[in-house]
Amino acid sequence: MENKRKNLKKNQIVSFLVTIAIVVLLNVIGSYVFTRFDLTSEKRYTLSPTTKEILKNLDDYVYFRVYLEGNDLPAEYKKMRRETKEMLDEFRAYSKFIDYEFINPGEGDSDAEIKDKYTQLYQSGLDYTKWQDVGSDGSAKQLIIWPGALVSYRNNTEIAVNLLHETQNGQPDEYAVNASIENLEFYLIDAVRKVTRLERPKIAFIEGHGELSNEELGSIAQTLAKNYDVKRQAIEGKIDALLHRTQDTTRDVRVFPSYDAIVIAKPMEPFDEKDKFLIDQYIMHGGKVLWLVEPVYATMDSLQAQESTIGMEQDLNLDDMLFRYGVRLNRDLLLGLNCAQIAVRTGGMVGNQPQYTRFKWYYFPLLQAASDHPMVRNMNGIKADFVSSIDATSSANGIEQIPLLRTTGYTKVSGAPVFISLAMLRQAPDQRLFNMKDGKNVAYLLKGSFTSLYANRIPQEIVDDQATDFLEESVPTAMIVVADGDLIRNQFDIDRNPLPLGYDKYTGITYTNKEFIENAISYLVDGENMIDIRSRKLTIRLLDTKKVSKERVKWQVINTVIPIALIIVFGFVLAFVRKKKYSKTEHHEEK
């Protein structure tokens, strides 16, 4: 018996020493070989290859100041804080140059100090959200929450990253936060990429054809200027307007796009053939274009002085060009039952204020994602303004045609000319006419190698001219076509200052127009790699609030009483087994 006890003790010591040796060995190996295991079903803690590459190439510290801190944060924003910290920790695992701190923006010695801090955050580019909770006694508590971060690198300008997914007003915060958590990797690594790049991409808003003015593009231009060099560019038939030429050591002339992307925002006058040729060759040499053009002209300005107007076709001389590239803009206007509202004066003056009533205006249909492309995934509530439909053509061989936006079901199509009258506000719509239950496409992404509109149409001497460097087929590139120029136009406040793009001052609702334009530009400028990060889908498992309320007592019992009961039962069983085991041992020794 004594020998058995010695052997048992010896085996236990050996097992302990072997375990210690294995642990030490694994730690030594782990210090040289980096490995992480993600056991979640959707691989939520596995970073994309693009993210890993950006992090591994860092050569100095990127510092995040995240303004999600405080004990009084609502539960959903505490969840966002936790997920943000975990994502930054994941970044740290691939680069020692990631550092961060969480700051409570509501801390301060006085209200004036807190207000100054809020002003500085807003001027830095962060957006805030208001959260209100009504207590059981009817008292209301309101918090100002800043779900974002300021990111700095070396002596570069600090940039702002807003973490809260923009959603249409009225959607619960829980859904907005969960949508944001899905895109956390994109938001954070995109900030790292932007703050560390050596040269800012260049974007040009084309002018000279009646495009939207500086003031009408003020909001989006200001937003884009945080990450890009933005300017206005008139083409005017100048060969160097969109392309620049260099000469190498062999004296060969090489042609490159002068801008990473150009934006053509609601032109009102026809393009002449010279400008079309220069845009075409810009595309052939790899240039990217965001087209926002309207085949039918209609405006609410015409309804200010009279009750009706006519939506008329307009010839911008772009149909042949866009058709060759892969889309056809239809001469129609789309009306949607799911639409934005307008304010119409319906009463006299109360004090100095006229009385307005809001009505649904079917010519302002709301748009939603038309595909699962990461540029528009999770996006809805985009406000259109006299929008037309777009069809993909079959003549653009080798071009990938991806629908991006469509009306949100139950759509009516009215061919131009369209009689538009405010009288429709006084009567219920005939829903039988809104027979397009799946909506109509209004925006497309086109990518591939495009055929020039001028292929086989240019004199041979121009084709052979090295300075022109005429191409009949493009290098792989991309463009986005939207049949609504007003989608990028901002409204103004009473002092004619631009309001944030997507904000409707008549209803107080913020639509996601700005996010769509930002995503479109990001896709065109940065390509597939960054936008693919947005394609990740995480399974956010939400509680069924109705079921929780109904079965609250049952689950409280399951989560509190049953675990305690199991521990007590396990204790009795363990005591019984031990007592029985040692009683047998003593009995055996006595024998």
Side-chain angles (χ1 to χ4, degrees), residues 199-209 211 221 224 227-246 253-265 267 271-293 316-318 320-327 375 396 398-402 404 443-455 458 462-463 465-482 488 517-531:
E199 185 176 354
R200 286 158 58 93
K202 298 179 176 62
I203 297 172
F205 286 92
I206 301 303
E207 62 181 8
H209 316 91
E211 289 88 353
L224 295 176
N227 302 309
Y228 309 97
D229 287 338
V230 180
K231 66 172 291 187
R232 292 181 72 89
Q233 176 67 59
I235 302 176
E236 298 175 337
K238 297 177 182 178
I239 195 170
D240 59 348
L242 302 177
L243 297 169
H244 66 273
R245 289 154 176 79
T246 61
V253 176
R254 302 185 65 187
V255 179
F256 300 94
S258 298
Y259 301 99
D260 296 274
I262 62 174
V263 182
I264 300 175
F271 285 68
D272 60 34
E273 290 301 320
K274 286 184 179 179
D275 284 3
K276 286 173 61 178
F277 175 79
L278 294 174
I279 294 173
D280 176 88
Q281 286 303 294
Y282 167 79
I283 295 169
M284 295 304 111
H285 286 86
K288 314 290 179 61
V289 186
L290 172 58
W291 304 85
L292 297 113
V293 295
L316 300 174
N317 196 26
L318 293 174
D320 54 348
M321 197 173 191
L322 295 175
F323 190 87
R324 175 65 64 91
Y325 297 153
V327 291
M375 196 191 314
I399 300 300
E400 191 173 354
Q401 302 154 308
I402 303 173
L404 294 178
Y444 269 88
L445 165 65
L446 308 174
K447 62 178 182 177
S449 295
F450 297 90
T451 301
S452 170
L453 176 64
Y454 299 93
I458 298 298
I462 296 180
V463 174
D465 186 357
Q466 190 181 47
T468 304
D469 194 20
F470 175 77
L471 297 180
E472 291 192 347
E473 184 173 301
S474 78
V475 298
T477 187
M479 66 178 70
I480 296 169
V481 185
V482 184
I488 197 174
I517 298 297
E518 285 186 283
N519 286 355
I521 294 295
S522 177
Y523 178 87
L524 294 176
V525 172
D526 303 317
E528 300 277 356
N529 289 339
M530 284 304 300
I531 208 69

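Residues passing the side chain to side chain contact (heavy atoms under 4.5 Å, CB included) test with Leu278 are Ile235, Ile239, sequence neighbours excluded. Tyr454 pairs by the side-chain hydrogen bond (donor to acceptor under 3.5 Å, both in side chains) definition with Glu273, not counting sequence neighbours. Applying the ring-ring contact (aromatic ring centres under 6.0 Å, His included) rule to Tyr523 yields the partners His373; only residues at least two apart in sequence or on another chain are considered. Residues satisfying the salt bridge (Lys or Arg N to Asp or Glu O under 4.0 Å) criterion with Lys202, sequence neighbours excluded, are Glu199. A search for ring-ring contact (aromatic ring centres under 6.0 Å, His included) contacts involving Tyr325 returns Phe450, not counting sequence neighbours. Glu207 pairs by the salt bridge (Lys or Arg N to Asp or Glu O under 4.0 Å) definition with Arg232, not counting sequence neighbours. A search for side-chain hydrogen bond (donor to acceptor under 3.5 Å, both in side chains) contacts involving Asp260 returns nothing, not counting sequence neighbours. Asp240 pairs by the salt bridge (Lys or Arg N to Asp or Glu O under 4.0 Å) definition with nothing, not counting sequence neighbours. Residues satisfying the salt bridge (Lys or Arg N to Asp or Glu O under 4.0 Å) test with Lys238, not counting sequence neighbours, are Glu236. For the ring-ring contact (aromatic ring centres under 6.0 Å, His included) test, residues two or more places apart in sequence or in another chain that qualify with Phe256 are His244. Here Thr451 pairs with Arg324, Ala455 under the side chain to side chain contact (heavy atoms under 4.5 Å, CB included) rule; sequence neighbours left out. Judged as a side-chain hydrogen bond (donor to acceptor under 3.5 Å, both in side chains), and not counting sequence neighbours, Ser474 has no contacts.
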- request: Report the C-alpha separation of Phe470 and Phe277 in whole Å, then their side-chain angles, then the decisive distance to 0.1 Å, and conclude whether the side chain to side chain contact (heavy atoms under 4.5 Å, CB included) test is met.
  value: CA-CA 10 Å; Phe470 175 77; Phe277 175 79; 3.7 Å; yes
message: Is there a side chain to side chain contact (heavy atoms under 4.5 Å, CB included) between Met375 and Leu445? Walk through the geometry before answering.
response: CA-CA 10 Å; Met375 196 191 314; Leu445 165 65; 4.2 Å; yes
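The shortest heavy-atom contact between Ile283 and Thr477 is O-CG2, 3.7 Å.
Asp280 contributes no side-chain N or O that, together with a main-chain N or O of Ser452, makes up a donor-acceptor pair within less than 3.5 Å.
Between the CE atom in Met284 and the CG atom in Leu243 there is a gap of 11.0 Å [rounded to 0.5 Å]. Once rounded to the nearest 0.5 Å, the distance linking NZ of Lys288 with CD1 of Ile521 reads 11.0 Å. Here the straight-line distance linking atom CG of Leu242 with atom CD of Gln233 works out to 6.0 Å at 0.5 Å rounding.
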